[in-house]
Amino acid sequence: MTQYKRLFEEDSSDCFEHPDAHSDGPRIPTRSVKLAHRVRYAILILFATFGFLDLTYRAYASFRSRQPISCNCGETIEEAIANNCKYDSIAAAWLPPACRNDELLEQFERSGPNSDGSWMYYADRNKTRVLSLEEVSQLPKTGSHFFTTHQWHLVHCAYYWKKMFLAAETGTVIEARYNNLAHINHCEMMFLKRDTLDTIVTEAGVSLHSDRMVVAKKHGHEEHKHDGSDGRSESNNY
């Protein structure tokens, strides 16, 4: 009996091990744990910052998209050029890119009666001096007018209707100067007139300010004056 007791005691002593004996592996240093937490925190802050900036940009873009786009180009031709404006012969005005349809403009400038498709512009009603398109574009410097034909007037109207129709697709801003019922009514009247196509019926200035809506005055069979040299003194639309 004594022998069995001794074996039991020896076996029993082996069952009580030190707690450190059950360690599964090396412990992770406390410093490494803190570093991992900091990295995760920094990543979360970075994503939050990017999210905030993205939301801010979207809100700003939405705000800008709701703001009316100006078709004005400045007070002088030099300012107009600095503002990336270009002379638009359909409008007889300097316009910024948002208010132009350059493809349509090229078509218009090839739709005239001359052999190369250009239009005739004159310095006076009697057609004593021909103006080039470049000279017409510079008229705001002197406040002078150009004179042109009934045919030009009709095609101007037709191309503005095209511009308005295409605006839904191209996003072109139609300037207040022409985006009104008065101009459409004026064009309707011009199409109903019986003037020959080469009759000089239009006197016009060149505008730098196209945000101003101009109300067409009623007139009969006389010439149709349009003083747009400064965008503020137009007497009627054309």
> Under 6.0 Å from the six-membered ring centre of Phe165 and within 45° of its axis: does the NZ or CZ of Lys162 meet both?
Replying inline: no

>> Using a 3.5 Å distance criterion without hydrogens, assess whether the side chain of Arg194 forms a donor-acceptor pair with backbone atoms of Leu192.
In response: yes

>> Once rounded to the nearest 0.5 Å, what's the spacing between atom CG of Asp102 and atom CZ of Phe108?
In response: 14.0 Å

> Taking all atoms of both residues into account, what is the closest heavy-atom pair of Glu175 and Ala91, and its distance?
Replying inline: OE2-CB, 3.7 Å

> Does Thr172 reach the side chain of Arg100, with side-chain heavy atoms less than 4.5 Å apart?
Replying inline: no

> Ignoring hydrogens and geometry, is there a side-chain-to-backbone donor-acceptor pair from Asp195 to Thr199 under 3.5 Å?
Replying inline: no

> Got a donor-acceptor contact below 3.5 angstrom from the Glu135 side chain to the Ser132 backbone?
Replying inline: yes

> Going from NE2 on His186 to CE on Met190, what distance comes out if it is rounded to the nearest 0.5 angstrom?
Replying inline: 5.5 Å

> Are any side-chain N or O atoms of Asn126 and backbone N or O atoms of Thr128, one a donor and one an acceptor, separated by less than 3.5 Å?
Replying inline: no

> Side chain of Asn83, backbone of Cys85: donor and acceptor closer than 3.5 Å?
Replying inline: no

> If you measure from CG on Leu95 to CZ on Arg177, what distance do you get to the nearest 0.5 Å?
Replying inline: 8.0 Å

>> Looking at every heavy atom in both Val136 and Pro140, which two are closest together, and how far apart are they?
In response: O-CD, 4.4 Å

>> Nearest 0.5 Å, please: how far is CG in Asp88 from CG in Leu105?
In response: 4.5 Å

> Heavy-atom distance under 4.5 Å between the side chains of Thr202 and His150, does that happen here?
Replying inline: no

>> Restricting to non-hydrogen atoms, name the atom on Ser70 and the atom on Pro96 that form the minimum distance, rounded to 0.1 Å.
In response: O-CG, 3.7 Å

> Hey, are the side chains of Met120 and Asn114 touching, using non-hydrogen atoms and a 4.5 Å cut-off?
Replying inline: yes

> How many angstroms lie between SG in Cys71 and CG in Leu208, if you round to the nearest 0.5 Å?
Replying inline: 13.0 Å

> Could you state the interatomic distance from CG (Asn101) to CD (Glu106), rounded to the nearest 0.5 Å?
Replying inline: 9.5 Å

> Side chains of Thr149 and Asp198: donor-acceptor distance under 3.5 Å anywhere?
Replying inline: no

>> Contact between Glu188 and His183 at the side-chain level, heavy atoms closer than 4.5 Å - yes or no?
In response: no

>> Checking the side chain of Asn72 only, and the main-chain atoms of Asp211 only, is there a donor and an acceptor separated by less than 3.5 Å?
In response: yes

> Side chains of Ser89 and Tyr121: is there a donor and an acceptor less than 3.5 Å apart?
Replying inline: no

> So, Glu103 and Lys163, do they make that salt bridge, N to O below 4.0 Å?
Replying inline: no

> Taking His156 as the fixed residue, which of Trp161, Trp119, Phe191, Tyr178 is the one that meets the ring-ring contact (aromatic ring centres under 6.0 Å, His included) rule?
Replying inline: Tyr178

>> For the backbone of Val206 and the side chain of Trp94, can you confirm whether one donor and one acceptor N or O come within less than 3.5 Å of each other?
In response: no

> Any side-chain heavy atom of Tyr122 sitting closer than 4.5 Å to one from Thr148?
Replying inline: no

> Does any non-hydrogen side-chain atom of Cys73 lie less than 4.5 Å from one of Glu79?
Replying inline: no

